[in-house]
Amino acid sequence: MFALRPLANRLSLRALPLRPAILTATRRAALPIRQPRQYTTAPPPDAPIPPEKWIEVLEKTASAPWLGALPPDHADRLRRAYTFLFQIVIYLGRPQEQEQGEQYLVAFESAPAPPESEIGRARKAVAALTRAIVQDISSIPLGSPLRTQHTGVFDIFGALQVLHDVHLTDPDGEVADWRTFWGRAQPIILDLGMQLDEAGFGLKDDPK
């Protein structure tokens, strides 16, 4: 779906607990794929990614013309929502020097940033992907068996939908009070991604 897919296939979304208390997750600990509750941001050594590529890929996905088109299969909507969550996390946990990565995460949440700056661009893209996640999951009918089979997913999603309805409904795409929105949305996004992954809607491991 996007250019980082080869990297995404090597990592689990549970790879990156972000947030000041979780900032140590930006350390590069090259761990095997899908070791439970272990974390890595290390790119495969054969696939270096230029720094500017990270934001470009995030923006490309967030502005894709197909973003508003729902997959016909309800389970595929959950899979696509996971992919969007995963890309947000991969961008925020991209390989950087530890101190630089920590500073960026703090600035991403709370620093003033003009729209043309990388932080401004990233916030806009993350907001667009969050809207797409809410669109995909909320479109699953209330009577769908998925809602009873995966109550954990939909319980956590309910919290994200509330934040969406408060902060992400501006027709021009502006975010009402970014700091409040992201401070509350970040742990929900991580929890939702883990729930989707554990429910079987995450990225598949590379075949042996």
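As a basis for the values below, the full set of heavy atoms in this structure was taken, side chains included, without hydrogen atoms, waters or symmetry mates.
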Between [X] and [Y], which heavy-atom pair has the shortest distance, and what is it?
X	Y	result
Asp197	Gly202	OD1-CA, 3.7 Å
Ala75	Leu146	N-CD1, 3.7 Å
Val153	Ala199	CG2-CB, 4.3 Å
Asp177	His167	O-ND1, 3.9 Å
Ser110	Arg123	N-NH2, 3.8 Å
Arg131	Leu168	NE-O, 2.9 Å

Hey, are the side chains of [X] and [Y] touching, using non-hydrogen atoms and a 4.5 Å cut-off?
X	Y	answer
Ser138	His164	no
Val175	Asp170	no
Leu92	Tyr104	yes
Ile133	Tyr82	no
Leu85	Leu129	no
Ile189	Trp182	yes
Val126	Trp178	yes
Arg79	Asp73	yes

Give the cluster check for Ile119 versus Leu105: same hydrophobic cluster or not, with ILVMFWY residues linked at side-chain heavy-atom distances below 4.5 Å.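 Per the 4.5 Å side-chain linkage, Ile119 and Leu105 are co-clustered.
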
Under 4.5 Å between side-chain heavy atoms, hopping through other hydrophobics if needed: is there a path connecting Ile188 to Phe201?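 Same cluster: Ile188 reaches Phe201 through Ile, Leu, Val, Met, Phe, Trp or Tyr contacts under 4.5 Å.
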
What distance do [X] atom [atom1] and [Y] atom [atom2] have between them, rounded to the nearest 0.5 Å?
X	Y	atom1	atom2	value
Arg147	Leu142	CZ	CG	5.0 Å
Ile90	Trp54	CD1	CH2	6.0 Å
Ile156	Gln195	CD1	CD	4.0 Å
Thr130	Leu163	OG1	CG	9.5 Å
His150	Ile140	NE2	CD1	9.5 Å

Do Arg94's NZ or CZ and the ring of Tyr91 fall within the cation-pi criteria of under 6.0 Å and 45°?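 The answer is yes, since Arg94 meets both limits relative to Tyr91.
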
Could you walk me through whether Leu78 and Phe154 pass the side-chain contact (heavy atoms from CB on, under 4.5 Å) check? CA-CA 10 Å; Leu78 294 177; Phe154 288 93; 4.3 Å; yes

Whether the side chain of [X] engages the backbone of [Y] through a donor-acceptor N/O pair (distance < 3.5 Å, no angle test) should be reported.
X	Y	answer
Ser144	Pro141	no
Asp172	Glu174	no
Arg77	Ser139	yes
Thr151	Thr148	no
Gln186	Glu109	no

Would Glu56 and Lys53 satisfy salt bridge (charged side-chain N to carboxylate O under 4.0 Å, His left out), going step by step from the backbone distance to the final call? CA-CA 5 Å; Glu56 289 177 358; Lys53 183 61 67 176; 3.5 Å; yes

The test is side-chain contact (heavy atoms from CB on, under 4.5 Å); show your working for Phe157 and Val134 and say whether it passes. CA-CA 8 Å; Phe157 169 70; Val134 170; 4.0 Å; yes

How about Glu116: does its CD atom have over 12 heavy atoms from other parts shown lying under 6.0 Å from it?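 Yes.
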
Pairwise salt bridge (charged side-chain N to carboxylate O under 4.0 Å, His left out) hits with a residue in residues 149-162, at least two apart: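 Every pair satisfying salt bridge (charged side-chain N to carboxylate O under 4.0 Å, His left out) with a residue in residues 149-162: there are none.
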
Dump the intermediate steps for side-chain contact (heavy atoms from CB on, under 4.5 Å) on Val57 and Gln87, then the final yes or no. CA-CA 9 Å; Val57 171; Gln87 190 165 357; 3.1 Å; yes

List the steps and the verdict of side-chain contact (heavy atoms from CB on, under 4.5 Å) for Phe84 and Val89. CA-CA 9 Å; Phe84 295 152; Val89 173; over 6 Å; no

